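What you are looking at is a predicted structure, and each value in this text was computed from that prediction instead of being measured. Chain identifiers are assigned alphabetically (A, B, ...) following the order of the sequence lines, protein sequences preceding nucleic acid strands; residue numbering begins at 1 within each chain.
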Number of protein chains: 2
Amino acid sequence: MVTIKEVAQRAGVSITTVSRVLNNPGYSISPATKERVLQAVAELDYRPNALARGLLKKGISAIGLVVPDISNPYYPEVVRGVEDVASRLGYTVILCNTDRDIDKVRRYVRVLLEKRVDGIIFAGGGIEGSDDDFLRPDLKVVLIGRHGLDLPSVQVNNVKAAFQATEHLIELGHRRIAAITGPEASTTSLDRLMGYKKALKEYNLPVDGSLIQKGNFRPEAGYQATKNLLSIEERPTAIVTANDQMALGAIRAIREAGLQVPGDISVAGFDDVCVASYFDPPLTTVSVPMYSMGVRSMEMLARLIANEKEKRRVVLETKLVIRQSTGPRYRREG
Amino acid sequence: MVTIKEVAQRAGVSITTVSRVLNNPGYSISPATKERVLQAVAELDYRPNALARGLLKKGISAIGLVVPDISNPYYPEVVRGVEDVASRLGYTVILCNTDRDIDKVRRYVRVLLEKRVDGIIFAGGGIEGSDDDFLRPDLKVVLIGRHGLDLPSVQVNNVKAAFQATEHLIELGHRRIAAITGPEASTTSLDRLMGYKKALKEYNLPVDGSLIQKGNFRPEAGYQATKNLLSIEERPTAIVTANDQMALGAIRAIREAGLQVPGDISVAGFDDVCVASYFDPPLTTVSVPMYSMGVRSMEMLARLIANEKEKRRVVLETKLVIRQSTGPRYRREG
DNA sequence: TTGTACGCGTTATCAA
DNA sequence: TTGATAACGCGTACAA
C-alpha cells in the first residue's frame, strides 16, 4: 500500500502538505501544488491509512453491533436500521453474533474494545451478567430492548403490546387463551408473557399454567407447543405466540389436527415480519418497529459519542394489526 | 484508555516485557515479573490497542462483507455463515448494505480499504462495473454468486437448479408454466430464468413471453405478477418464482382468485428459507445452502489472505425439495 | 532474563 | 504558503 510519504515524494512536497490538501479543504495552498498533490494521489491510487489516523485521533469511526443471531428474522431489520444511520454518519458497523452465550459476548466486547470502536449497540439481550466488561464509563453503549441494566436504551412496551393482543382475543370472546413463549433468557419474551398474564387477570380470567408453553422463537417450537396444547383435556380456543415464526408453526399444528384457523382456534403472532401479511391466513400480530429501533439506537449512540445530552430511554410504539388469523369464538360445547 | 506504558510503569518493568508477557507465551520470563505484569494488566484493565498493532503489522484482522440488503431474508444466513468462520479465525466482520447501488459499493470499498481490511466478500452482486476499485491485486476478494468477474467465488448452479424445478413441474404434466423473476440486475435471477427456459426447450415446450413476469424478490411482487398471470387468456397451471417470498405472494393471489394450490395451480419457490416448510401449503422449492455459502466463502478468503493456494471457484449443490405446493396437472379443458 | 530505541502512517504544533 | 518534527501505542531487532 502506498503511503502519504510516497505521495509527497512524487508530488515533490512534504507530507504535511499532502495531508493538508487531503484533510483541510479550507487551508490555503497554492493551486499549483494542490494540483500536483491530487495528481500524485490519483496516479498512485493512494488510500489514507485509517489505522494510523485512528491511532492519533483515538477511534476509527466504527461501532459494534451485538445481536444474538442475525439469522433470526427479527434482527435483520434492526441491523439494517443501525447500518443505514451509521453509514450516513460515517461509522462502520462490526457485526457480532453471540447466540446469547455470555462467553461469546465477553470475547466480542473485548475485541471491540481493542479495536477502539466508538461505541457498542447491544440488541436482543443475552448480556446480563457481564457487567464488568462494558460498564466502563468511557465506553458508549446503547441497548435495544430491556436488559435489566441501567444504560441508554431503545425499547418497545412489550408488556402493553402483549396485553393488547391478549385483550383482542378476550374481546373476541375467547376464555381459554394459550401462550407460547420465547427462550427463558429473553426479557422480550418475559415481558410478552407478563402482558398476557396481566390481560387475563384484568379480565378476571384464570392463568392456567398448562396453557403456557415454552418455545424458542422458531417455527418448530410453535408447532410442538401447539401439539401439546391440543392434547390437553379442555383445549384453548386461542393462542398468542411470542413471535410470528412460532405462530406459523402453531397454525400448521392446528390444521394437521383437522381444525381451522380462526374457526376453531385463533392465533396471534408478534413482530409483524414482512411476510406476516402473506401467511395463510394473514396473521394478526403486533407490529414492532424493528427498523426504527435500529435507526433510533444508532442516533442515540452517535449523540452519546459526541457527548451530547441524550435521553436514557426511548420507548417506541407498537401496533396491533388485526388480520385474519383471529376471529370470534363460537361456543361449541354447552 | 490505559496504554502498555502505564502497565509497564505499574509493574516496574519495560514495555517490552509487558508486550512479551502478553504476546509471546513461549518467551522465557521470570515467573515473578510475569506475575507482576499480569497483575498490573488486570488492575488497570488494560486493553491492547489493535489500531497501533495493526499499524505495525499491517491489517487489523477484519474483513468487509458487502451485501445488497441484509433485510432480504436470503442474506442473514449467508452472513451468519461468514461471521461464524470469521470469528473462529479471529477476524471481525464489517457489514455493508449497498442496495445494489454502485456508488454505495464504491464508497464502502473505499472505506474498507482505508480501514485496511484483510479482504472483502461480496455477496449477491451489484458490483459489476466498479472493477477499478477492487481489482487491486493486493486486495483479497471472494464473491458469493456469479458476478461476471473473474475472481474467486462460491456459487450455486442456479441454471441447473431452476432447470430441475421446472422439469419437476413438467413431469407433473404441466405445459403452461410461468416464471416470476427477481430484479433484472441480479445474475442469480437471470440464471434461474435461464434454467427455466432451458427446461422448456429441452422438453419442446414453447417459451411464452407473457408467462414470464418481472418481480423483485418481494412478496408483493409475486402477488402482483400472479394477478397478471391469472388475467391472461390461457392461464398457466404452474408457476416457478425466483425466491420463496414471491411464492408466498403468488399463492395468496391464486387463492384470492378462488383457485387452489396445487389443485389448480402449482407453485415452486427458490431458496428454501427456514419457514418454507411451514407455509401453507408447505412449499416445494430449491434448497440453496446459504449458510454453507457463507462458511465456504470465508474459508476461501482466509486462505487467500494467508497466501495459500486456493481454487478459483467452488460450486455448491442445490436440492429440489418437493413438498405440497406442487402437484399433477389435472386436465380441465378438453 | 530484561531493556533501549526505532519505525509503522498519520495529524498537529511550531517555525520559517 | 510550506516544512520539520513530535506524538499516537505498539512490536521487535539489537544490546546488555
Side-chain angles (χ1 to χ4, degrees), chain A residues 1-38 40-41 44-62 90 110-118 138, chain B residues 1-38 40-41 44-62 90 110-118 138:
Chain A
M1 278 275 177
V2 15
T3 72
I4 196 173
K5 200 169 172 182
E6 304 173 54
V7 174
Q9 284 172 349
R10 179 158 194 130
V13 297
S14 73
I15 59 174
T16 310
T17 302
V18 176
S19 176
R20 284 202 272 249
V21 170
L22 264 26
N23 306 318
N24 290 357
Y27 205 96
S28 82
I29 301 203
S30 88
T33 50
K34 187 167 185 172
E35 176 59 31
R36 290 219 308 287
V37 170
L38 257 19
V41 166
L44 297 171
D45 195 16
Y46 165 67
R47 311 291 175 125
N49 186 329
L51 270 41
R53 174 191 283 127
L55 179 57
L56 211 49
K57 303 285 212 59
K58 281 120 186 47
I60 198 189
S61 293
R110 158 172 292 276
V111 171
L112 292 173
L113 249 24
E114 292 186 353
K115 298 207 169 161
R116 296 301 189 263
V117 294
D118 297 290
D138 50 332
Chain B
M1 276 276 173
V2 17
T3 72
I4 195 172
K5 200 170 171 181
E6 304 174 56
V7 174
Q9 283 172 348
R10 178 158 195 128
V13 298
S14 73
I15 60 170
T16 310
T17 302
V18 176
S19 175
R20 285 203 271 249
V21 170
L22 264 27
N23 306 318
N24 291 356
Y27 207 97
S28 80
I29 301 203
S30 88
T33 49
K34 185 167 186 173
E35 177 58 31
R36 290 218 309 288
V37 169
L38 258 19
V41 166
L44 297 171
D45 194 16
Y46 167 65
R47 309 293 174 124
N49 185 328
L51 270 41
R53 175 190 282 128
L55 181 55
L56 213 49
K57 302 289 213 54
K58 279 124 188 43
I60 198 190
S61 293
R110 158 173 292 277
V111 172
L112 292 173
L113 248 24
E114 292 186 353
K115 297 207 170 160
R116 296 301 190 263
V117 294
D118 297 291
D138 50 331

- State which of D/dC8, D/dT2, C/dC8 makes the closest approach to the side chain of A/Ile29. D/dT2
- Query: Can you list every salt bridge (charged side-chain N to carboxylate O under 4.0 Å, His left out) pair that touches residues 4-17 of chain A, not counting sequence neighbours?
  - Reply: A/Arg10-A/Glu43
- Message: Rounded to whole Å, how long is the line connecting atom NZ of B/Lys58 with atom C1' of C/dG9?
- Response: 8 Å
- Do B/Asp45 and B/Val2 have side chains that get closer than 4.5 Å, going by heavy atoms? no
- Message: For the helix from C/dT1-D/dA16 to C/dA16-D/dT1, what angle separates the axis at the start from the axis at the finish, each from five pairs, in steps of 10°?
- Response: 40°
- Query: Does B/Asp118 use its side chain to pair, donor to acceptor, with the backbone of B/Gly59 at less than 3.5 Å?
  - Reply: no
- Gap between atoms CG and P, on B/Leu51 and D/dG11 respectively (whole Å): 13 Å
- Task: Check whether the side chains of B/Thr16 and B/Ser19 place a donor and an acceptor atom closer than 3.5 Å, and report yes or no.
- Result: no
- Message: Using side chain to side chain contact (heavy atoms under 4.5 Å, CB included), reason through A/Lys115 and B/Ser61 one step at a time and then give a plain yes or no.
- Response: CA-CA 10 Å; A/Lys115 298 207 169 161; B/Ser61 293; 4.2 Å; yes
- Message: In this structure, how many angstroms lie between the P atom of D/dC8 and the CD1 atom of B/Ile60, rounded?
- Response: 20 Å
- For residues B/Arg47 and A/Leu113, report the shortest heavy-atom separation together with the two atoms involved. NH1-CD2, 3.4 Å
- Mind checking whether B/Asn49 and B/Met1 have side chains closer than 4.5 Å, heavy atoms only? no
- Using atom CD of A/Gln9 as one end and atom P of D/dG3 as the other, report the distance to the nearest whole Å. 13 Å
- Item | For the student: nearest non-hydrogen atoms of A/Val13 and A/Thr33, plus distance | CG1-CG2, 4.4 Å
- Message: Quick check for you: among D/dG9, C/dT2, D/dT2, whose closest atom lies nearest to any side-chain atom of A/Leu55?
- Response: D/dG9
- Message: Counting primed atoms plus P, OP1 and OP2 as sugar-phosphate and everything else as base, spell out the protein contacts along nucleotides 10-16 of chain C at 4.0 Å heavy-atom distance: B, S or - for each nucleotide, 5' to 3'.
- Response: BBB----
